[in-house]
Amino acid sequence: MTRIAVIDFETTGISPSMGDRATEVAIVLTEGGRVVDRFQSLMNAGVRIPAFITQLTGITNAMIAEAPPAEAVMADAARFVGDTPLVAHNAGFDQRYWRAELARAGVPAPHPFACTVLLSRRLYPEVPSHKLGTLVDWFQLPRTGRAHRALADAEMATELLARIQHDLRARHGVADPDHGFLMKLQRCAKKALSKLLGPGALVHNGSPSSQSAVPHSRDTVEPASPGHRYRPL
DNA sequence: TGCCAGGCCCTCTTTAGGGCCTT
């Protein structure tokens, strides 16, 4: 069964190379397109959170002060992921934090990252914006919590990934759009898409509501609740 | 308060510049 882990970080800024650190990580583990496990934790990296980041995410310095050390959280996260390939929305961002924070924890980070922004740009050129929130609204995907919190964003990215995989099967006849195929698709030049997806690769069929119903990836699992580690009952 | 980076992508391009996307 194909496993994919969808990850999202909340951070103090946009660049770990400029000293920014992760403040929260969430990972949604899927198997065969269904959510089978979740991991979420705030983390204390010993840095202060800028006010505008608190305004954006709702994560405060007081919340971080009570959180476990970043190195311990990242080691747990790495154990949770194992060798499962990762997916993120704007994966370059999350991959940089994944590598930077795991390096601080002394843990290797060889995981390949597929990117739902790149996949969305290739599959849905008609969408006016490829921001996660815009795509969720466009496809009428469920929202499970406050945007810009790690677990809620990871859940939304998981729903978007399910939509992408559904459309690859239904519209393009891809029997198994696994992580390897997603990596190949996101690297594929737009002019070469028809070779990978067929002659109708860039032909969309109208508004999202006119398309066939897509089963949600979280339909069979319990909704998220506060805590450090989430497991479906 | 707004900027900080990095990779992708488009175009009035390719010897470049700027928008998008993430926090």
Side-chain angles (χ1 to χ4, degrees), chain A residues 5-28 40-61 63-64 67 70 73-74 77 86-104 109 111-139 141 143 145-161 163-164 182-194 196-197 201-202:
Chain A
V6 182
I7 188 168
D8 186 78
F9 279 104
E10 302 306 318
T11 73
T12 61
I14 55 176
S15 176
S17 65
M18 298 290 288
D20 293 323
R21 297 294 304 274
T23 57
E24 185 179 41
V25 62
I27 302 159
V28 177
Q40 177 273 335
S41 183
L42 292 165
M43 66 181 88
N44 186 349
V47 295
R48 290 196 63 79
I49 302 173
F52 75 94
I53 292 289
T54 293
Q55 194 170 21
L56 178 70
T57 66
I59 298 172
T60 66
N61 285 300
M63 292 164 66
I64 293 303
V73 172
M74 291 305 300
L86 290 161
V87 168
H89 196 69
N90 197 27
F93 176 86
D94 292 284
Q95 187 173 30
R96 283 192 290 277
Y97 279 96
W98 179 250
R99 288 176 173 172
E101 294 294 347
L102 283 182
R104 289 175 178 273
H111 311 78
F113 272 69
C115 177
T116 47
V117 172
L118 296 180
L119 294 167
S120 173
R121 283 174 178 164
R122 277 158 179 74
L123 291 174
Y124 314 119
E126 72 276 15
V127 179
S129 161
H130 297 275
K131 291 179 181 177
L132 182 57
T134 303
L135 289 163
V136 166
D137 291 342
W138 181 268
F139 291 116
L141 303 175
R143 291 176 179 268
R146 172 183 173 147
H148 297 298
R149 284 300 300 266
L151 185 59
D153 283 3
E155 299 261 18
M156 286 192 288
T158 302
E159 295 288 351
L160 175 59
L161 174 63
R163 173 73 195 215
I164 288 170
L182 298 177
M183 293 291 287
K184 188 185 301 183
L185 176 57
Q186 75 178 25
R187 285 194 299 259
C188 179
K190 287 192 171 181
K191 290 179 180 177
L193 272 181
S194 60
L196 190 63
L197 298 177
L202 295 179

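Just so it is clear: chains get the letters A, B, ... in the order the sequence lines come, proteins before strands, and each one is counted from 1.
Exactly one residue among Asp94(A), Thr116(A), Asp153(A), Asp8(A) makes a side-chain hydrogen bond (donor to acceptor under 3.5 Å, both in side chains) with His89(A). That residue is Thr116(A).
Here the straight-line distance linking atom CG of Leu185(A) with atom CG of Leu193(A) works out to 6.5 Å at 0.5 Å rounding. Taken to the nearest 0.5 Å, the CH2 atom of Trp98(A) stands 5.5 Å off from the CG atom of Leu86(A). In this structure, OG1 in Thr23(A) is found 4.0 Å from CD1 in Ile59(A), a value given to the nearest 0.5 Å.
Nucleotides dG18(B) and dT1(B) have their P atoms positioned 27 Å apart, rounded to a whole Å. Using atom C1' as the reference point in both dG6(B) and dC12(B), the two lie 25 Å apart (nearest Å). Going from the C1' atom of dC4(B) to that of dC10(B) covers 25 Å, rounded to whole Å. Spacing of P atoms, dC9(B) relative to dG2(B), comes out at 30 Å, to the nearest Å. For dC3(B) and dT11(B), the P atoms lie 26 Å apart once the distance is rounded to whole Å. Distance check on atom C1': dC8(B) versus dT14(B) gives 16 Å, rounded to whole Å. Comparing the P positions of dT23(B) and dG17(B) gives a spacing of 29 Å, expressed to the nearest Å. Distance noted for atom P between dC21(B) and dT15(B): 27 Å (whole Å).
Across all strands, Asp94(A) comes closer than 4.0 Å to no nucleic acid atom at all (heavy-atom distances). Among the protein residues, Thr12(A) comes within range of no part of the nucleic acid, since none of its heavy atoms lies under 4.0 Å from any strand. As judged by a 4.0 angstrom heavy-atom cut-off over every strand, Gly13(A) is placed among the base-contacting residues. Among the heavy atoms of the strands, none lies under 4.0 Å from Thr23(A). The residue Leu118(A) sits close only to the backbone: its heavy atoms come under 4.0 Å of sugar-phosphate atoms, none of a base. Within the 4.0 angstrom heavy-atom criterion, base atoms lie near Phe52(A).
Checking Ser17(A) against Leu132(A), the closest nucleotide of DNA chain B that is more toward the 5' end is the one next to Ser17(A). Looking at which nucleotide of DNA chain B each of Thr11(A) and Ser15(A) is closest to, the 5′-most match is held by Ser15(A).
With respect to the salt-bridge test (charged N to carboxylate O, under 4.0 angstrom), the residues Asp137(A) and Lys131(A) do not qualify. Ion pair Arg149(A)/Glu10(A) not flagged as a salt bridge, since none of the NZ, NE, NH1 or NH2 atoms sits closer than 4.0 Å to an Asp/Glu carboxylate oxygen.
Looking at Glu159(A), its side chain never comes within 3.5 Å of a backbone N or O of Leu141(A) through a donor-acceptor pair.
In the 5' to 3' direction, nucleotides of DNA chain B lying under 4.0 Å from heavy atoms of chain A begin and end at dC3(B) to dT23(B).
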